[in-house]
Amino acid sequence: MSPKLDPYRIEKRYRVEPGSEIHLSDWDPSDTAGFDGGKEEGRRYLSGLNQQLESLQELLYAENKHKVLIVLQGMDTSGKDGVIRHVFEGVNPQGVRVASFKVPTPLELAHDYLWRVHQQTPGKGEMVIFNRSHYEDVLVVRVHSLVPEEVWSRRYDQINAFERLLAEEGTIILKFFLHISKEEQKARLQARLDDETKHWKFSLGDLKERALWPEYQKAYEDVLSKTSSEYAPWYIVPSDRKWFRNLVVGSALVERLKELQMSYPAPKDDLSQVVIED
Ligand code: AMP
Ligand code: MG
């Protein structure tokens, strides 16, 4: 018998304690917290989480008070797109937006690296998912030396200050690192190669990034060690099993949104005597 899913415990297990030093070799990408129900049971739990998320998002939108920012980071094939599709299934698209950060345009590069990011942050009642984020500016930028070390090394403090500003102004921030093994990435890249309908997702550049695996793992370790805070925690999400990855992200989000104790706003008018005429 696999243990029952307790979203609170799942959420806690993978949250990065602020100030702790992270070694990714200590974090098993295929961990399932003792669940052995596999895909089938995982799907059942996820559909429960989907429903809770749907109601919580409706409350968020109706209350029009909090702003929610979800950051997704991870190596190619780690499942950023999959999380967006599966965890947010059923959520009203009116209140949720996805912002994807690609190679910066010349206009973006002419500004500081947070310029394009700040524009995409959520407004009141809104939930925004970042598919990649400002963290690329201490990941790909660092690994490829796109700016000198003295420039990228200052960015951890800048990012913490930026996220603190957002949080103090009412933004709830959750950050997820989708942790996969190098072997699992190989299998997923191979699956893309084997399926013509997935070729559009494959770029030769992905293989170049794969060759820099250790450099990326080190860059991620620094991100996780230096930028997990009470106001913007990181979660290390074991992502070799897709169903479990979705459960971890869904649980963390549902738990955090429940803490807000949101309620529907009172109607603008007194509705107690209203009669709708025939
Ligand atoms: P994808 O997410 O597969 O569509 O690819 C987006 C690409 O944009 C990835 O290779 C990222 O590393 C790259 N990218 C995102 N942000 C930056 C950035 N600030 N500087 C350089 N490359 C970036
Ligand atoms: Mg890609």
Side-chain angles (χ1 to χ4, degrees), residues 24 69-88 97-121 128-163 166 173 175-180 182 184-193 195-224 226-227 232 234 237 239 242 245 249:
L24 284 173
L69 174 60
I70 296 142
V71 171
L72 299 179
Q73 284 288 162
M75 299 295 287
D76 286 315
T77 77
S78 59
K80 300 182 286 296
D81 299 308
V83 163
I84 295 170
R85 261 184 292 120
H86 298 291
V87 177
F88 295 88
R97 183 159 56 81
V98 179
S100 298
F101 295 94
K102 308 275 180 181
V103 177
T105 64
L107 180 66
E108 288 168 347
L109 276 177
H111 292 78
D112 69 85
Y113 67 99
L114 292 174
W115 181 73
R116 66 171 180 167
V117 175
H118 206 159
Q119 291 177 24
Q120 299 289 347
T121 54
V128 172
I129 306 161
F130 278 5
N131 184 346
R132 303 187 189 268
S133 65
H134 42 302
Y135 285 98
E136 292 293 325
D137 293 283
V138 284
L139 291 162
V140 62
V141 167
R142 167 180 171 171
V143 168
H144 288 277
S145 304
L146 300 180
V147 300
E149 176 165 359
E150 67 187 76
V151 174
W152 62 253
S153 61
R154 285 196 294 258
R155 291 182 171 172
Y156 303 97
D157 288 344
Q158 292 165 353
I159 288 173
N160 285 331
F162 171 62
E163 292 177 354
L166 296 178
I173 307 172
K175 303 180 295 200
F176 297 100
F177 167 55
L178 307 184
H179 183 33
I180 52 165
K182 200 175 175 196
E184 180 65 19
Q185 190 196 48
K186 183 176 183 188
R188 291 183 189 181
L189 285 172
Q190 188 63 52
R192 284 182 185 182
L193 267 186
D195 178 352
E196 265 187 39
T197 69
K198 298 233 169 96
H199 281 184
W200 65 276
K201 279 193 180 186
F202 199 99
S203 108
L204 291 177
D206 295 347
L207 299 181
K208 287 205 189 115
E209 301 310 301
R210 176 173 167 78
L212 294 165
W213 190 273
E215 288 81 358
Y216 272 106
Q217 297 291 294
K218 176 76 188 85
Y220 269 112
E221 284 176 343
D222 279 352
V223 160
L224 297 163
K226 292 174 196 276
T227 64
W234 273 108
V237 182
S239 298
K242 295 174 182 173
R245 169 200 78 198
V249 176

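First listed ligand is number 1; within each ligand, the first listed atom is number 1. Keep in mind that the numbers below use all heavy atoms, side chains included, and drop hydrogens, waters and symmetry copies.
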If you measure from the Lys or Arg side-chain nitrogens to the Asp or Glu carboxylate oxygens, is any gap between Lys201 and Asp206 under 4.0 Å?
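The answer is no: the pair does not qualify as a salt bridge.
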So between His134, Glu136, Lys208, Met75, whose heavy atom ends up nearest atom 11 (C) of ligand 1?
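Going through His134, Glu136, Lys208, Met75 one by one, Glu136 has the nearest heavy atom to atom 11 (C) of ligand 1.
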I would like to know whether Ile70 and Val128 meet side-chain contact (heavy atoms from CB on, under 4.5 Å); could you show each step before the answer?
CA-CA 6 Å; Ile70 296 142; Val128 172; over 6 Å; no
What residues form a side-chain contact (heavy atoms from CB on, under 4.5 Å) with Ala232, not counting sequence neighbours?
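For Ala232 the side-chain contact (heavy atoms from CB on, under 4.5 Å) partners, ignoring immediate neighbours, are Glu163, Ile173, Lys175, Ser229.
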Close-contact set for ligand 1 against [X] heavy atoms, below 4.0 Å:
X: Val141; answer: 20 (N)
X: Arg116; answer: 16 (N), 17 (C), 18 (C), 19 (N)
X: Asp137; answer: 19 (N)

Which bit of [X] is near ligand 1, meaning a heavy atom under 4.0 Å away: side chain, backbone, both or neither?
X: Glu108; value: neither
X: Arg132; value: side chain
X: Ser203; value: neither
X: Val140; value: side chain

If you apply the rule ring pair (Phe, Tyr, Trp, His ring centres under 6.0 Å), what do you find for His179 with Tyr220, and how did you get there?
CA-CA 10 Å; His179 183 33; Tyr220 269 112; 9.1 Å; no
What pairs of residues pass the salt bridge (Lys or Arg N to Asp or Glu O under 4.0 Å) test when at least one of them lies in residues 98-114, not counting sequence neighbours?
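Qualifying pairs: Glu108-Arg116.
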When rounded to the nearest 0.5 angstrom, what is the spacing between CZ in Phe202 and CD in Gln190?
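Answer rounded to 0.5 Å: 8.0 Å.
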